[in-house]
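Worksheet for the structure shown next.
Labels below follow one simple rule: chain letters A, B, ... track the order of the sequence lines, proteins then strands, and each chain is numbered from 1.
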Protein chains: 2
Amino acid sequence: MENLRELFQIMTRRFGFLDKNCCSVGGVNVSIIHSHILYEIDKQHHPSIQQVAETLGTDITTFSRQIQALVKMNLVKKTPHPDDKRVYILSLTVEGKYVATTIDQQMKTYLNDVFSHMNEFEKETVIRSIKLLNEAMAKTSNCCTTPMR
Amino acid sequence: MENLRELFQIMTRRFGFLDKNCCSVGGVNVSIIHSHILYEIDKQHHPSIQQVAETLGTDITTFSRQIQALVKMNLVKKTPHPDDKRVYILSLTVEGKYVATTIDQQMKTYLNDVFSHMNEFEKETVIRSIKLLNEAMAKTSNCCTTPMR
DNA sequence: ATTTATTATTTGCAAAATGCAAGTATTAAA
DNA sequence: TTTAATACTTGCATTTTGCAAATAATAAAT
């Protein structure tokens, strides 16, 4: 029985490095944090500030400022919610969408690079395993979800 | 063909949450960063400051200060290298070892919790997959290793 | 044997990121 | 129509960061 924790520690650290490396698109320099925010805004359907902060597990006041920065960089747009004036709806600007897409492609390239060292069967197994893992973590209440405050 | 990046994004985010939650032992409050440092010092055999900074991909000046903090907290000990006086050897104090061990146990508990939602076969498959992934990432030079510079 | 480079680590400093407490504005509940 | 709750923002004060430069020690070159 091998050391489980070590296995995961190494894996997550490596993905962390991946994140660190790949975050400058054209002239714009995007931090990892910002890239994750862009990713989530793109993925969620017109989310509010609160919603994205929640999924990323970031303090809301910090997140508010992060959004301000992204708006200033002209990557994100804040639109008042039509029915509830307290809420702001987030979306990507054209430039933001471009940056998000480019980062996404980079990430895909990296991942394909990683998978190029496996045969098709191994690749399928690994992908299936990550899915299993995600499902299992979703079921585990006392860890792996948004940090408790 | 499903979205590979999303799969990995979710997984690493979840492990990030895991890290965020589990880092206070007894009275001592240890940040994730500090817990990773303790982990590496424990794992590597009498590493130098430089070595650990390298594996964690942290700027050396920042890391120097992190070590100072851990020394002040009485979790880490700095010993001058006998042959090369420029170098400091890092080791855990008794208390540091205790903290590291406790965190390790917590992590193992969390992981077991996650795996409890799988059957034995799935568990084996997932573990084998993580290993495959780590090996593949190690082979991939243009990502997943210590940030360049 | 001295000068010159390298290496390991530390500080100065200034910029950036964080989070709590408190604020505003708006909506929902009593 | 007062009271409570929600979504978001700002004021601070603290912490974290990293570059440039300093220090100290070893290695290489002359």
Side-chain angles (χ1 to χ4, degrees), chain A residues 16-17 19-21 23-24 28-38 40-41 44 46-73 75-91 146-149, chain B residues 16-17 19-21 23-24 28-38 40-41 44 46-73 75-91 146-149:
Chain A
F17 288 154
D19 265 348
K20 263 194 190 170
N21 287 339
C23 280
S24 121
V28 197
N29 222 348
V30 191
S31 72
I32 327 112
I33 293 173
H34 285 173
S35 93
H36 280 222
I37 297 174
L38 295 181
E40 275 306 315
I41 293 178
Q44 295 183 24
H46 295 314
S48 70
I49 293 186
Q50 186 110 187
Q51 280 173 312
V52 182
E54 175 81 6
T55 37
L56 294 177
T58 312
D59 180 272
I60 185 80
T61 72
T62 303
F63 191 75
S64 170
R65 279 183 262 256
Q66 287 169 346
I67 292 297
Q68 285 172 42
L70 287 167
V71 169
K72 198 165 284 172
M73 295 165 82
L75 300 177
V76 168
K77 196 170 59 176
K78 267 166 65 178
T79 316
H81 192 290
D83 299 343
D84 188 337
K85 289 176 191 166
R86 293 170 301 180
V87 180
Y88 279 101
I89 296 300
L90 299 177
S91 57
T146 287
M148 53 208 79
R149 111 197 22 215
Chain B
F17 288 153
D19 266 350
K20 264 194 191 172
N21 287 339
C23 280
S24 124
V28 197
N29 222 348
V30 191
S31 72
I32 327 112
I33 293 173
H34 285 173
S35 92
H36 280 223
I37 296 173
L38 295 181
E40 275 307 316
I41 294 177
Q44 294 183 24
H46 295 312
S48 70
I49 293 185
Q50 186 110 191
Q51 282 174 312
V52 183
E54 176 82 6
T55 37
L56 294 178
T58 312
D59 180 272
I60 186 77
T61 72
T62 303
F63 191 74
S64 170
R65 280 183 260 257
Q66 286 168 348
I67 292 297
Q68 286 173 42
L70 286 166
V71 168
K72 198 166 281 173
M73 293 165 83
L75 300 177
V76 167
K77 197 169 57 177
K78 266 167 63 180
T79 317
H81 191 290
D83 300 342
D84 189 337
K85 289 177 191 166
R86 292 171 300 180
V87 181
Y88 280 100
I89 297 300
L90 299 177
S91 57
T146 286
M148 54 210 79
R149 145 176 8 241

Is any side-chain heavy atom of [Y] closer than 4.5 Å to one of [X]?
| X | Y | answer |
| --- | --- | --- |
| B:Leu90 | B:Lys78 | yes |
| A:Pro80 | A:Tyr88 | yes |
| A:Val52 | A:Thr58 | no |

So how far off straight is the helix from C:dA1-D:dT30 to C:dA30-D:dT1, going by the axes through five pairs at either end, to 10°?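 Computed from the C1' atoms at both ends, the axes differ by 10°.
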Would you kindly give the [atom1]-to-[atom2] distance between [X] and [N], to the nearest whole Å?
| X | N | atom1 | atom2 | result |
| --- | --- | --- | --- | --- |
| A:Lys85 | C:dT24 | NZ | C1' | 15 Å |
| A:Leu70 | C:dA17 | CG | C1' | 14 Å |
| B:His46 | C:dA8 | NE2 | P | 19 Å |
| A:Ile32 | C:dA17 | CD1 | C1' | 12 Å |
| B:Asp59 | C:dA16 | CG | P | 16 Å |
| B:His36 | D:dT16 | NE2 | C1' | 17 Å |

Minimum heavy-atom distance between [X] and [Y], given as atom pair plus value:
| X | Y | answer |
| --- | --- | --- |
| B:Val87 | B:Ser48 | CG1-CB, 3.6 Å |
| B:Ala53 | B:Ile60 | CB-CD1, 3.9 Å |
| B:His34 | B:Gln66 | NE2-O, 4.1 Å |
| B:Phe63 | B:Leu56 | CE1-CD1, 4.0 Å |

Most 5' of A:Ser31 and A:Asp83 on DNA chain C, judged by nearest nucleotide: A:Ser31
Summary of protein contacts for nucleotides 4-9 of chain D, nucleotide by nucleotide, where a base hit scores B, a sugar-phosphate-only hit scores S (4.0 Å, heavy atoms): --BSSB
How many angstroms lie between OG in A:Ser35 and CG in A:Leu75, if you round to the nearest 0.5 Å? 11.5 Å
